Visitor: 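Pasting a structure here, questions to come.
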Amino acid sequence: MKTNNLIRHLISIAILILMLSFKLNSSILNKIYKYNFYYKSANGSQFVSYNVITEKKIEFRIITIIANEKKEIIGNAVYKKNGDGETILDNTGDGYFVDEYIYTSKNCTLTIRIDNEEHQVCQVLSKNCDKSLKIAIFNVVMQKLRS
């Protein structure tokens with residue numbers, strides 16, 4: 001048990017160092033999230049973190065950096081019940097059953113798809129977002145950050 005706590009603490013420290021290397025402001029340091037995902041391309045980078053509050057609710061933070069401009073969304077998303085569930089494929093072709101959580105604001109609706117069994121992949125989809133926010137979301141399957 002102590003080993004798991006030490007590993008979790010070391011992962012949190014590594015994530016903080018990673019985020020600081022991207023020159024994010026200190027508000028990101030206010031909360032530590034259990035599940036963390038990262039994607040980087042020539043167009044920018046995206047960092048998604050979340051904690052499971054209940055089976056029906058997650059709290060999340062999405063940070064996207066494009067051309068040195070940072071966009072951040074923080075909120076709670078509610079479970080969306082799907083009849084037969086959803087599946088997403090990662091970049092190696094492996095499939096994952098995912099649960100969908102919905103976040104709605106006046107500017108956008110986000111669907112956060114997560115592998116709730118192993119928490120290995122995450123995907124964020126945006127819908128009806130205003131132009132300033134829409135560019136902040138990469139519709140990609142992201143792998144969990146490893147220590």
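Worth saying up front: this structure is predicted, and the values here are computed from it rather than measured. Below, each value reflects all heavy atoms present in this structure, side chains not excepted, and no hydrogens, waters or symmetry copies.
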Visitor: Please report the interatomic distance NZ(Lys71) to CD(Gln46), rounded to the nearest 0.5 Å.
Guide: 13.0 Å
Visitor: Side chains of Val141 and Asn91: closer than 4.5 Å at any heavy-atom pair?
Guide: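 Result no, sub-4.5 Å side-chain heavy-atom pair not found.
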Visitor: Atom OG1 of Thr87 and atom CZ of Arg113: how far apart are they, to the nearest 0.5 Å?
Guide: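 Output value for this atom pair is 9.0 Å.
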Visitor: If you group Ile, Leu, Val, Met, Phe, Trp and Tyr by side-chain heavy-atom gaps below 4.5 Å, do Val98 and Ile102 land in one group?
Guide: no
Visitor: Any idea which heavy atoms bring Tyr35 and Val52 closest together, and the distance?
Guide: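 So the minimum-distance heavy-atom pair works out to CE1-CG2, 4.2 Å.
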Visitor: In chain order, what residues pass the side-chain hydrogen bond (donor to acceptor under 3.5 Å, both in side chains) check against Tyr96, with sequence neighbours excluded?
Guide: Asp90
Visitor: Under the ring-ring contact (aromatic ring centres under 6.0 Å, His included) definition, can you give me all pairs with a residue in residues 57-79, not counting sequence neighbours?
Guide: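 Output for this query lists Phe60-Tyr103, Tyr79-Tyr101.
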Visitor: Side chains of Ile114 and Phe37: does their closest heavy-atom pair fall under 4.5 Å?
Guide: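 No, their side chains stay 4.5 Å or more apart.
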Visitor: Under a 3.5 Å distance rule, please check whether Asn51 uses its side chain to pair with a backbone N or O of Lys34 as donor and acceptor.
Guide: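 Yes; judged by distance alone, with no hydrogens or angles, the pair exists.
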Visitor: If we only count heavy atoms from C-beta on, is the Thr111 to Lys127 side-chain gap below 4.5 Å?
Guide: no
Visitor: Please enumerate all residues that pass side-chain contact (heavy atoms from CB on, under 4.5 Å) together with Val140, with sequence neighbours excluded.
Guide: Tyr39, Phe138, Met142
Visitor: Quick one: pull up OG in Ser49 and CD in Glu59 and give me the separation to the nearest 0.5 Å.
Guide: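 The CD atom of Glu59 is 10.5 Å from OG of Ser49, to the nearest 0.5 Å.
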Visitor: Is it possible for you to say whether Ile66 and Val48 belong to one hydrophobic cluster, with membership spreading through side-chain heavy-atom contacts below 4.5 Å?
Guide: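 Yes; Val48 is reachable from Ile66 via cluster members.
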Visitor: How long is the gap from CD on Glu55 to CG on Asp99, to the nearest 0.5 Å?
Guide: 9.0 Å
Visitor: Quick one: CD on Glu72 to CD1 on Ile63, what's the gap to the nearest 0.5 Å?
Guide: 4.5 Å
Visitor: To the nearest 0.5 Å, what is the distance between CD (Glu86) and NZ (Lys80)?
Guide: 7.0 Å
Visitor: Side-chain contact test, heavy atoms from C-beta onward, threshold under 4.5 Å: evaluate it for Val121 versus Asp94 and give yes or no.
Guide: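 A side-chain contact under 4.5 Å is absent here.
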